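The structure appears right after this line, and notes come after that.
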Protein chains: 2
Amino acid sequence: MTITKSLEGDGKTLMASVYDRLRADIVDGVRRPGAKLRFDELKETYGVGLSPLREALTRLAAEKLVVLEEHKGFRVAPISRSDLHDLLFMRQEVEMLGIRRSIERGDDQWEAAIVAAIHALGKRVNLTPDGHIDPEWELRHRAFHDSLVAACGSPRLLLLRAQLTDHADRYRRLSHYYHSAGRDHLSEHVALSEAVVSRQAELAERLIRAHLARTVEIILSCEDLQGDGFDD
Amino acid sequence: MTITKSLEGDGKTLMASVYDRLRADIVDGVRRPGAKLRFDELKETYGVGLSPLREALTRLAAEKLVVLEEHKGFRVAPISRSDLHDLLFMRQEVEMLGIRRSIERGDDQWEAAIVAAIHALGKRVNLTPDGHIDPEWELRHRAFHDSLVAACGSPRLLLLRAQLTDHADRYRRLSHYYHSAGRDHLSEHVALSEAVVSRQAELAERLIRAHLARTVEIILSCEDLQGDGFDD
DNA sequence: TTATAATTGATATTCGAAAATCATTGGATT
DNA sequence: AATCCAATGATTTTCGAATATCAATTATAA
């Protein structure tokens, strides 16, 4: 019960905080692809000095969410068809690998977590009555997909997968994905969960592959992206 | 003509330069795993201020070559058996994927570049008469392996692969890999090149898998690593 | 008019000092 | 003797000013 003096409440460094907020703004599409990131403006909006800003931007540049041109500053990473294709390719391979390995190594607890996650997901619909995405559904959706690969046992694979997911989320939100989604999510997810839990690796791989490809097709079909240099 | 004062001549930013040197020192093992990276010392040795140093370290942290503990500073990333296993796993999968895809998509020029690379590699032996690694051989070795995956067409895969290669190089140099190498490198590489050029994907995948596994076995067999907390 | 050079303004980069945090030592209390 | 608290020192984190670079505009010459 040490009355440790730490009562500021965050403990997080300024750079970590501005990194989180900046990344969220980019992934959410608030910062448009290709948009210039000027320090004066950033200093203003996030209320921090140059040092934490530069550090946060450097970190984001390493993850390819922003690009740095020497002596010209930072920009939000551009988007393109070819990049989206490359992203899909990597996601298919990485998800397949994560699922295959988890099937090989996962125990009963891993199986149980998947069953729990798909159950929780089924209790929600992806759209609220007024046509917006249910944030709680999005959380459970991500938790479900995480549960599938949770037993793969590879920190590097999981880190890479998390980064790819961020990129994919940005594309999905930049398009108006959910507006055109009459698609039956739940049955796809149920089929996937059953294939994984019953350890049918080949089937699961086919399903996740198709699942990811389908979302990209939908993204490409809503051509809301043209305004951001999406002409490659 | 412009007597502009800019006569330093590099064009590279200070942070880029210190990033390169710092990364080289870490990969070469000059900076030992787990070693503290204090700013006073770094400022001294690299002759730059805090800002470019922090930025370079942040970038290296994103690549997992250094780790950042908040308010405690930066350290060289530790090494461990489990991390080495994870690295091997990822390298096997990524190399396999890159080769498989290159076999699917590569053209005659790609094939020709491989033939050229293996030929150049065969003209050198890996060790100089006095028992050191021939730097020119190392260059050609890397060029050969690069040539195998050069036609995969995925920027993300190539970037990931480059990062994994850096990590692997660090482990190899931290161990005294080449001291214990009576191993026949050339025949392995020749077999690999022939499998790839003749588009035998399954054989090539088996070979690259074994090739990577063998180097890790050698690294683990020279137990020069114990001094750096390699007890996980 | 066109093209080249110089100037200005805007912006990114870097440095050195100030503020905040962590680790360690020494002293007081039980 | 052991434990907890306070104070010191070392180090990181952050800020604001100075420097260097880039981009756009004006001026000059062909």
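Given the structure is predicted, the values throughout are model-derived calculations rather than measurements.
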Within this structure, what is the [atom1]-to-[atom2] distance between [X] and [N], rounded to whole angstrom?
{"X": "A:Leu14", "N": "C:dA20", "atom1": "CG", "atom2": "P", "answer": "11 Å"}
{"X": "B:Glu55", "N": "C:dC15", "atom1": "CD", "atom2": "P", "answer": "11 Å"}
{"X": "B:Asp40", "N": "D:dT12", "atom1": "CG", "atom2": "P", "answer": "7 Å"}
{"X": "B:Leu68", "N": "D:dT11", "atom1": "CG", "atom2": "C1'", "answer": "13 Å"}
{"X": "B:Leu42", "N": "C:dC15", "atom1": "CG", "atom2": "C1'", "answer": "16 Å"}
{"X": "A:Leu50", "N": "C:dC15", "atom1": "CG", "atom2": "C1'", "answer": "12 Å"}
{"X": "B:Glu44", "N": "D:dT11", "atom1": "CD", "atom2": "P", "answer": "14 Å"}
{"X": "A:Lys43", "N": "D:dT14", "atom1": "NZ", "atom2": "P", "answer": "15 Å"}

Task: Short side-chain to backbone donor-acceptor contact, A:Thr13 and A:Ala16, under 3.5 Å - done: no
Open item on the list: Keeping B:Ser102 on the side-chain end and B:Cys152 on the backbone end, is there a donor-acceptor pair under 3.5 Å?
Closed with: yes
With respect to the phosphate group of [N], does any side-chain polar atom (N or O) of [X] fall under 4.0 Å of OP1 or OP2?
{"X": "A:Thr13", "N": "D:dT14", "answer": "yes"}
{"X": "A:Lys36", "N": "C:dA12", "answer": "yes"}
{"X": "B:Lys72", "N": "C:dA23", "answer": "yes"}
{"X": "A:Arg38", "N": "C:dA12", "answer": "no"}

Open item on the list: By nearest heavy atom, map A:His71 and B:Glu69 onto DNA chain D; which one lands nearer the 5' end?
Closed with: B:Glu69
Open item on the list: Reading DNA chain D from 5' onward, which residue's closest nucleotide shows up sooner: A:Glu70 or A:Ala16?
Closed with: A:Ala16
Task: Geometric class of the A:His189/A:His145 ring pair [parallel <30°, tilted 30-60°, perpendicular >60°] - done: perpendicular
Open item on the list: Tell me whether the rings of A:His141 and A:His211 are parallel (<30°), tilted (30 to 60°) or perpendicular (>60°).
Closed with: tilted
Counting side-chain heavy atoms from C-beta on, which of [options] comes nearest to [X]?
{"X": "A:Val48", "options": "D:dT12, C:dT14, D:dC15", "answer": "D:dC15"}
{"X": "A:Pro52", "options": "D:dT14, D:dT21, C:dT14", "answer": "D:dT14"}
{"X": "A:Ser51", "options": "D:dT14, C:dT13, C:dT14", "answer": "D:dT14"}
{"X": "A:Arg54", "options": "C:dC15, C:dT14, D:dT12", "answer": "C:dT14"}

Open item on the list: For the residue pair A:Asp86 / B:Ser154, report whether a side-chain donor-acceptor contact shorter than 3.5 Å exists.
Closed with: yes
- [ ] Would you mind classifying the nucleic acid contact of A:Leu37 as base, sugar-phosphate or nothing, using non-hydrogen atoms under 4.0 angstrom?
- [x] sugar-phosphate
